[in-house]
Amino acid sequence: MSTRIAFLKGHGTENDFVIVPDPENAIDLSPAAVAVLCDRRAGIGGDGLLHVVRSAAHPEAEGMAAEAEWFMDYRNGDGSVAEMCGNGVRVFARYLQRAGHVTEGDLAVATRGGVKTVHIAKDGDVTVGMGRAVLPEGDVTVSVGERSWTARNVNMGNPHAVAFVDDLSHAGELLSPPPFSPAAAYPDGVNVEFVVDRGPGHVALRVHERGSGETRSCGTGACAVAVAAARRDGADPTATGAPATYTVDVPGGTLVITERPDGEIEMTGPAVIVAEGEIDADWLETATSA
């Protein structure tokens, strides 16, 4: 009988993930295996994969084990490693709650972008402390076809280029990475957000996620957009001393982003587990060796 690997499927504002619980870090999830599992036709399907590991059992997270019991070993849909995923953290927390590892209230999750604070509310929404944004000096330019825009460079533990546009259709198909310059601004690629205004404190976006293509939502991207919008609107909380809150519509739903005067950013939104099952390990080995 072949070995079975447990998995779940979840999403946060339709940014969807394959979840592989592996507390002792015993499962070898190669980039090829992750890409196969995230394939929407040949695998389970997802924008990325959440590998659930105890921090003490993972070499990249053992130094955070005293602060956070669990490590979100996040992978993009193409198998590449990513520093952070805001929607992923919410779904990760929902899984921990479902599995009985945590209850409603506060917890800490270790990520490659550092330890993130999480609050699971009674109403089901999950709030993630996303840390502070870093705003590298100098604007960048992103292009789609013959159109180009000056974009704001925002780092949320992963890199973002935020471009305000007149119409979201100007973002094009977003399957391939939009060209950007200067190349030195993002040596490892970038997540690109195209943003329109919906009203005061209210914006909408489309996003190309590095390693995944266009996705239905991007949590760190929504945070980057709120930060860029606050600076554009003269509402920088670190300067005004007042929190700035933006409602950010994504194709898969709505997120609420608040930046506090101390620079800390909080993201609130839904997180849903939709299915669970088992992966046939023999199939996975065959699929990745083909």
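Quick caveat: nothing in here was measured; it's all calculated off a predicted structure.
Atom SG of residue Cys85 and atom CG of residue Leu49 lie 11.0 Å apart, to the nearest 0.5 angstrom. Atom CZ of Arg54 is separated from atom CD of Glu62 by 15.5 Å, given to the nearest 0.5 angstrom. Within the model, atoms CG of Asp73 and CD1 of Ile27 stand 11.0 Å from one another, a figure rounded to the nearest 0.5 Å. Taking CZ of Arg90 as the reference point, atom NE2 of His11 lies at 10.0 Å (rounded to 0.5 Å). Here CH2 of Trp70 is found 6.5 Å from CG of Leu96. Values are rounded to the nearest 0.5 Å. Going from atom CZ of Phe164 over to atom CH2 of Trp149 covers 13.5 Å, rounded to the nearest 0.5 Å.
The main-chain N or O of Asp282 is found under 3.5 Å from a side-chain atom of Thr286 such that the two form a donor-acceptor pair. Judged by distance alone, the side chain of Asn76 and the main-chain N or O of Asp78 form no donor-acceptor pair under 3.5 Å. Not a single donor-acceptor pair under 3.5 Å links the side chain of Arg231 to the backbone N or O of Asp236.
Contact annotation: the side chain of Val52 approaches that of Phe92 to within less than 4.5 Å [non-hydrogen atoms, C-beta and beyond]. Residues Val165 and Val195 are not in side-chain contact: their nearest non-hydrogen atoms beyond the backbone lie 4.5 Å or more apart. Proximity of Pro177 to His208: side-chain heavy atoms (C-beta onward) are separated by under 4.5 Å at one or more points. With a 4.5 Å cut-off on side-chain heavy atoms, Val140 and Phe180 do not count as touching. By the 4.5 Å heavy-atom criterion applied to side chains, Val118 and Thr127 are not counted as neighbours. Between Arg4 and Ile279 the shortest side-chain heavy-atom distance does not fall below 4.5 Å.
A salt bridge links Asp47 to Arg40: at least one charged side-chain nitrogen sits closer than 4.0 Å to a carboxylate oxygen. Electrostatic pairing of Glu276 and Arg98 counts as a salt bridge here, judged by a charged N lying under 4.0 Å from a carboxylate O.
The two residues Pro21 and Ala6 make their nearest non-hydrogen contact at CD-O, 3.5 Å. Between Arg75 and Gly79, the closest heavy-atom pair is CB-O, 4.4 Å.
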Between Asp262 and Arg260, does the salt bridge (Lys or Arg N to Asp or Glu O under 4.0 Å) criterion hold? Intermediate values first, please.
CA-CA 5 Å; Asp262 63 1; Arg260 302 200 307 253; 3.3 Å; yes

Derivation of the salt bridge (Lys or Arg N to Asp or Glu O under 4.0 Å) call for Glu209 and Arg216:
CA-CA 10 Å; Glu209 283 200 66; Arg216 300 283 294 168; over 6 Å; no

Stepwise, does the side chain to side chain contact (heavy atoms under 4.5 Å, CB included) test hold for Asp22 with His51?
CA-CA 7 Å; Asp22 182 22; His51 185 205; 2.8 Å; yes

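Side-chain contact annotation: Ser143 with Glu146, donor-acceptor N/O pair under 3.5 Å absent. Side-chain N/O atoms of Thr220 and Asn158 include a donor and acceptor closer than 3.5 Å. No hydrogens or angles considered: a donor-acceptor pair under 3.5 Å links the side chains of Ser169 and Asp167. Side-chain contact of Thr254 with Asp249: a donor-acceptor pair under 3.5 Å is present, judged by distance alone.
Between Arg132 and the options Glu264, Glu259, Glu266, a salt bridge (charged side-chain N to carboxylate O under 4.0 Å, His left out) holds for only Glu264.
Applying the side-chain hydrogen bond (donor to acceptor under 3.5 Å, both in side chains) test to residues at least two apart or on different chains, the pairs with a partner in residues 189-200 are His160-Glu193, Asp197-Arg232.
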